[in-house]
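See structure below.
Along the sequence shown, residues carry numbers from 1.
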Amino acid sequence: MDDDFERGREYARERDRSAALGVRDRFYRPDDLYMDGNSLGPLSTDAERVLQHVLDEWRELGIRGWTDGDPPWFHYGEHLGERLASLVGARDDEVVVANSTTVNIHTLVGTFLTRCDRENRGQKVLVNELDFPTDHYAIRAQLRNRGLGPDEHLVVVESRDGRTLREDDVAAALDAHDDVGIVFMPSVFYRSGQLLDVERITALAHAHDAYAGFDLAHSIGAVPHSLADHGVDFAAWCHYKYLNAGPGAVAGLYVHRDYHGETPALAGWWGHEKETQFEMRTTYTPAQSAGAWQTGTIPVLSAAPLLGVMDIVDEVGIEALRERSVELTEYLVFLVDERLPECTVGTPRDPDRRGGHVAVEHPEGYRISEALKERGVVVDFRPPNVVRVCPSPFFVGFEEVWETVDRLREILDEREYEAFERRGSGVT
């Protein structure tokens with residue numbers, strides 16, 4: 001924790017004058033204080049520009065856009081993969097933009113389960129109880145598709161505190177189960193924001209003859225990765241959070257070069273080798289790259305905003321984004337400690353163990369999140385008691401972090417949250 005932090009607004013303003021990244025004004029912020037970039041990042045002028053460019057190509061080129069677009073739509077997923085590779089520490093042909101996150105988990109886990117069967121590895125998948133639900137849904141479905149009972153073949157590592165996971169407990173679970181073929185973990189937990197040690201978990205998996213896969217949804221664009229150097233076998237993620245690519249943006253995936261040429265579990269024609277794709281053969285020939293894990297035709301209009309955002313990312317650099325993110329979350333933790341004694345920080349305080357958001361815990365978390373929105377502070381709620389606050393390094397400053405905590409202080413003082421109904425159904 002930075003011992004030089006101060007509580008006042010003027011201090012926050014001074015930090016903004018001396019530490020801004022210079023891209024704030026390229027983002028449309030629909031609300032007074034948009035602190036929900038970990039859930040849906042806002043539109044940028046760069047994303048808007050590229051989306052308009054593709055619309056213009058569609059109008060002016062029609063079907064010729066597949067070959068004459070800039071870049072050609074036919075190779076859009078691979079082109080974006082090359083642009084993204086440096087963010088995850090991969091080689092250009094190991095990343096592709098394709099499908100949705102859930103579809104990517106299906107096809108990747110399914111592919112590696114097939115390899116486990118072929119190589120006589122274990123058929124169990126090691127996960128944890130804090131995972132985002134879709135990970136378990138997809139893995140259970142893939143197990144069922146192979147006639148494997150999910151309750152017997154899904155090994156779930158328990159959390160000691162309901163917030164975080166210890167890598168030592170992953171090691172203990174692997175020691176206790178000699179038939180694990182895949183370890184699949186998040187890089188950052190969606191609720192608490194804990195950042196796991198990807199390198200260590202990969203090494204643990206490989207030491208037990210298991211594949212290592214990761215869900216990077218809550219770290220891509222906020223935390224640098226070194227997937228290839230660490231020997232990670234596969235990974236999947238979305239782009240609508242920290243990379244601000246828009247609602248329902250096309251997802252991404254990584255497959256280590258060692259497995260290129262493998263037939264994916266969900267083979268589709270867009271993953272066929274490009275050179276013979278339009279020969280319309282009924283026998284599938286996978287692309288010799290991560291591009292093989294594409295299924296259907298890339299939705300270009302849903303991919304274009306990401307291309308624009310990558311112009312901003314390349315200009316700023318992922319290391320600078322990470323440094324700024326750490327500074328902002330450190331300041332947020334400091335202010336919660338100083339000004340909100342009723343609240344608990346559920347996120348690790350060590351920045352090396354923290355992603356890009358902070359979990360502010362309170363028994364009335366849901367109603368507090370609603371009261372914050374009423375006051376123009378956009379956050380979200382995750383049960384049982386977490387208000388997730390994300391100071392995105394792209395467009396949030398120190399003064400906005402200060403203002404968020406100040407409004408939260410007022411909500412607690414005036415008990416404004418009592419005006420809101422207790423949690424019902426719907427989007428939070």
Side-chain angles (χ1 to χ4, degrees), residues 19-27 37-42 44-47 50 78-97 101 186-190 193-199 202 214-232 235-246 249-254 256 290 303 305-331 347-348 350-358 390-397:
L21 294 179
V23 296
R24 172 188 175 91
D25 292 340
R26 287 155 72 172
F27 288 86
N38 61 312
S39 191
L40 178 65
S44 66
T45 55
D46 298 70
V50 177
E78 289 86 354
H79 176 76
L80 274 168
E82 293 175 5
R83 294 287 301 273
L84 282 158
S86 63
L87 298 189
V88 295
R91 291 160 288 212
D92 288 353
D93 62 350
E94 293 178 322
V95 179
V96 71
V97 169
T101 307
S187 52
V188 170
F189 285 108
Y190 78 94
Q194 179 195 8
L195 173 62
L196 287 178
D197 187 337
V198 170
E199 182 177 12
T202 301
F214 291 89
D215 180 342
L216 307 183
H218 285 272
S219 62
I220 182 76
V223 177
H225 288 290
S226 301
L227 300 185
D229 285 347
H230 294 338
V232 173
W237 58 82
C238 60
H239 296 119
Y240 51 80
K241 301 181 189 298
Y242 293 100
L243 285 178
N244 311 288
V250 188
L253 62 87
Y254 153 90
H256 193 281
L306 178 59
L307 190 58
V309 174
M310 286 307 300
D311 288 342
I312 304 177
V313 174
D314 290 345
E315 179 181 324
V316 175
I318 186 61
E319 297 293 343
L321 286 166
R322 174 61 176 166
E323 181 180 357
R324 173 74 165 175
S325 175
V326 167
E327 291 173 348
L328 291 169
T329 54
E330 286 278 89
Y331 184 52
T347 306
D350 179 354
D352 292 335
R353 303 292 283 169
R354 186 173 65 241
H357 76 268
V358 173
C390 174
S392 169
F394 285 103
F395 53 84
V396 172

Looking at [Y], is its backbone amide N or carbonyl O close enough to the side chain of [X] to form a donor-acceptor pair, meaning the two atoms are under 3.5 Å apart?
X: S226; Y: D229; result: no
X: E82; Y: H79; result: no
X: S325; Y: L321; result: no
X: Y254; Y: V232; result: yes

Distance check, rounded to the nearest 0.5 Å: [X] atom [atom1] versus [Y] atom [atom2]?
X: H225; Y: S86; atom1: NE2; atom2: OG; answer: 12.5 Å
X: F214; Y: W237; atom1: CZ; atom2: CH2; answer: 13.0 Å
X: H357; Y: Y242; atom1: NE2; atom2: OH; answer: 6.0 Å
X: K241; Y: S392; atom1: NZ; atom2: OG; answer: 13.0 Å
X: T347; Y: R354; atom1: OG1; atom2: CZ; answer: 7.5 Å
X: L227; Y: E199; atom1: CG; atom2: CD; answer: 11.5 Å

Set of side chain to side chain contact (heavy atoms under 4.5 Å, CB included) partners for [X], sequence neighbours left out:
X: A245; result: H239, A249, L306
X: D352; result: D350
X: A303; result: Y76, L80, V250, I298
X: L40; result: Y34, Y240, P247

Going by salt bridge (charged side-chain N to carboxylate O under 4.0 Å, His left out), name the residues that satisfy it together with [X], two or more places apart in sequence or in a different chain.
X: E323; result: none
X: D197; result: none
X: R322; result: none
X: D314; result: R83

Q.
Closer than 4.0 angstrom, basic N to acidic O: yes or no for R26 and E315?
A.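 E315 and R26: salt-bridged.
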Q) Which residues satisfy the ring-ring contact (aromatic ring centres under 6.0 Å, His included) test with Y190, sequence neighbours excluded? A)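 So Y190 forms a ring-ring contact (aromatic ring centres under 6.0 Å, His included) with F132.
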Q.
The criterion is ring-ring contact (aromatic ring centres under 6.0 Å, His included); which residues satisfy it with F27, sequence neighbours excluded?
A.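 With sequence neighbours excluded, F27 shows a ring-ring contact (aromatic ring centres under 6.0 Å, His included) to F394, F395, given in chain and number order.
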Q: Output all residues satisfying side-chain hydrogen bond (donor to acceptor under 3.5 Å, both in side chains) with H218, sequence neighbours left out; order by chain, then residue number.
A: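 Listed in chain order: nothing, the list is empty.
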Q) E78: what forms a side-chain hydrogen bond (donor to acceptor under 3.5 Å, both in side chains) with it, not counting sequence neighbours? A)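 E78 satisfies side-chain hydrogen bond (donor to acceptor under 3.5 Å, both in side chains) with Q294 only.
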Q: Begin with the C-alpha distance, continue with both residues' side-chain angles, and end with the deciding distance and a verdict on side-chain contact (heavy atoms from CB on, under 4.5 Å) for L196 and S187.
A: CA-CA 5 Å; L196 287 178; S187 52; 6.0 Å; no
Q | R24 versus G397, closest heavy-atom pair with distance | A |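 In terms of heavy atoms, the two residues are closest at NH1-N, 3.8 Å.
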